[in-house]
Amino acid sequence: MSDNPSFVLKGILDVEIQQKPVPEIDANEVLVEVKKTGAHLLQVHFFVHGRIGDFVVEKPMVVGSSVTNVKVGDRVAMEPGATCRKCEACKEGRYQLCPDVIFAATPPTDGTLARYYRLPSDLAYPLPPNLSLEDGAMMEPLSVAVHAVSKLGALRSNQCVAVFGCGPVGLLCMAVAKALGASRVIAVDIVPGRLDFARSYAATDVFLPPPMEKDESRVAYSKRNAQAMKENLGIAERGPQAIDLVLDASGAEVSIQTGIRIAKTGGTFVQVGMGNPDVTIDIFAVIGKELTLKGSFRYGPGDYPLAIALAASGKVDVKPLVSHRFPFAQAHEAFETTRNGKSTDGKGVIKAIISGPDVDINEA
């Protein structure tokens, strides 16, 4: 096999489709044929700043001689990070922290926007018959949400959750929280249309932050914003009206500051979104309320299987999040559309799906 068209980043905002060698596999690997790929904001950051790629659903074409978990022709979701399996993090069951992870589209590793991609066979998860290829492509962001809400947030039934940011990951965090039995799911965003979608999708309550006043500092604004949330939504510091788990999927400093202020005494705050690396927080609030602060990085053991199970059982519906579809030849347009937040017709982007080479955009 020699036909392997690949979407290649040559430089910042400079991409083209090139023919690349078909990867060779060893006994414990599979060669997958890419069918559907999701484009998201992190990949847009790579596109603008010098890296690109994404995480996909695949169809195995060749399997190694020792592979037993999948067979040729299976439809699978791919977990795009192969780890060393030997370091302390891997042996502790936190392989997402492996220092030697080979992650798709992270230089010098090629991304999955190609006809073929190789990976260890145990990172190829068979899709149940009732999940489509597009559903499979959504298992990557759903696994990010599962990791943040279930594993790190340790959400229990009947707890209250607040999620800042109504992009794909934020929306999926809400959906996972709802599926796991959260009694209240509050969505926070500065775009009214996103809040409308969040309410129709998984949120029980929504909050539109007030505008920042002239010369108001971020710290002062976050205090005012947190107080407005508490008053408007009846959020308490303790008891059944308190927020057990806060997740920030926006990366915005004021969201992080506000989230810490609304979390209940003894509550948990999980940072999922990436933004400015230098953020000011109220450390007294963290100490005084004895908050648990956690950073959430990708996904780890068990996250993909749980994501697939939630989708297959119908407890999380990923279909409404797919707002745009692009053929492989228009991958550049997919990233530009995601970067701009809307397509040329003015339609807002939630999630754009890119089909593999010679794959129809309507193929399920």
Side-chain angles (χ1 to χ4, degrees), residues 41-42 44-45 48-49 148 153 160-171 173-174 177 184-199 203-239 241-296 338-342 348-350:
L41 287 175
L42 181 58
V44 170
H45 176 82
V48 173
H49 297 283
C160 298
V161 180
V163 180
F164 288 77
C166 294
V169 170
L171 290 166
C173 284
M174 298 173 210
R184 192 180 194 190
V185 180
I186 300 171
V188 185
D189 202 285
I190 60 174
V191 180
R194 290 188 174 188
L195 290 176
D196 291 340
F197 183 88
R199 189 193 292 275
T204 60
D205 301 85
V206 298
F207 181 75
L208 179 68
M212 185 176 287
E213 296 176 352
K214 184 180 180 181
D215 299 325
E216 186 177 27
S217 70
R218 290 187 176 89
V219 170
Y221 172 77
S222 68
K223 290 180 180 179
R224 182 166 63 88
N225 192 34
Q227 187 59 36
M229 280 194 69
K230 291 177 180 179
E231 293 175 356
N232 292 348
L233 298 175
I235 296 172
E237 190 65 42
R238 305 168 188 267
Q241 297 303 312
I243 305 300
D244 301 281
L245 173 62
V246 176
L247 302 111
D248 177 64
S250 72
E253 184 175 29
V254 292
S255 294
I256 298 168
Q257 294 166 340
T258 302
I260 288 173
R261 296 183 191 284
I262 67 165
K264 79 171 190 178
T265 297
T268 299
F269 178 95
V270 178
Q271 186 62 40
V272 189
M274 291 192 291
N276 188 333
D278 299 315
V279 173
T280 298
I281 64 172
D282 184 348
I283 198 65
F284 181 77
V286 175
I287 296 171
K289 294 198 289 185
E290 202 166 292
L291 297 180
T292 299
L293 267 62
K294 296 183 179 182
S296 184
T338 303
R339 177 190 181 193
N340 294 330
K342 60 183 178 181
V349 176
I350 300 176

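- At a threshold of 4.5 Å between non-hydrogen side-chain atoms, the residues Leu171 and Met174 count as touching.
- The environment of Leu208 atom CG is dense: over 12 non-hydrogen atoms of other residues, nucleotides or ligands sit within 6.0 angstrom.
- Heavy atoms only, all atoms of each residue included: Val188 and Met229 are closest at CG2-CE, 3.7 Å.
- Judged by distance alone, the side chain of Ser222 and the main-chain N or O of Val254 form no donor-acceptor pair under 3.5 Å.
- Across all non-hydrogen atoms, the minimal contact from Thr268 to Val270 is CG2-CG2, 4.0 Å.
- Remark: the backbone N or O of Cys166 is paired with a side-chain donor or acceptor of Asp189 at under 3.5 angstrom.
- Listed by chain and residue number, nothing satisfies the salt bridge (Lys or Arg N to Asp or Glu O under 4.0 Å) test with Asp196 (two or more places apart in sequence, or in another chain).
- Across Arg184 and Ile235, no two heavy atoms sit closer than the pair NH1-CG1, 4.3 Å.
- For the residue pair Ile350 and Pro168, the shortest heavy atom distance occurs at O-CG, 2.9 Å.
- Here the closest non-hydrogen pair linking Tyr221 and Glu216 is CA-OE2, 3.4 Å.
- Here the straight-line distance linking atom OG1 of Thr292 with atom CZ of Phe269 works out to 12.5 Å at 0.5 Å rounding.
- Contact annotation: the side chain of Val246 never approaches that of Thr258 to less than 4.5 Å [non-hydrogen atoms, C-beta and beyond].
- Rounded to the nearest 0.5 Å, atoms CD1 (Ile281) and CD1 (Ile260) are 4.5 Å apart.
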Mind running side-chain contact (heavy atoms from CB on, under 4.5 Å) on Arg261 and Gln227 for me, showing each step along the way? CA-CA 9 Å; Arg261 296 183 191 284; Gln227 187 59 36; over 6 Å; no

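- Residues Arg218 and Ile256 fail the side-chain proximity criterion, which asks for heavy atoms closer than 4.5 Å.
- Distance check, rounded to the nearest 0.5 Å: CZ of Phe164 to CD1 of Ile186 gives 8.5 Å.
- In terms of heavy-atom proximity, Ala187 sits nearest to Leu195 at O-CD2, 3.6 Å.
- A donor-acceptor contact shorter than 3.5 Å links the side chain of Asp282 to the backbone of Phe284.
- Looking at Glu237 and Lys230, their side chains come closer than 4.5 Å, going by heavy atoms from C-beta outward.
- The CG atom of Leu233 lies 8.5 Å from the CD1 atom of Ile262; values are rounded to the nearest 0.5 Å.
- Interatomic distance, NZ of Lys264 versus NZ of Lys289, reported as 11.0 Å (0.5 Å rounding).
- For Gln271 (side chain) and Gly273 (main-chain N/O), a donor-acceptor pair under 3.5 Å exists by modelled atom type.
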Assess the residue pair Asn225 and Phe207 against the criterion (side-chain contact (heavy atoms from CB on, under 4.5 Å)); give the C-alpha distance rounded to whole Å, side-chain angles, the decisive distance to 0.1 Å, and a yes or no. CA-CA 10 Å; Asn225 192 34; Phe207 181 75; 3.2 Å; yes

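- When each of Leu245, Thr204, Ile243 is tested with Cys160 by the rule side-chain contact (heavy atoms from CB on, under 4.5 Å), just one qualifies, namely Ile243.
- You'll find the side chain of Arg238 reaches within 4.5 Å of the side chain of Thr265, heavy atoms only.
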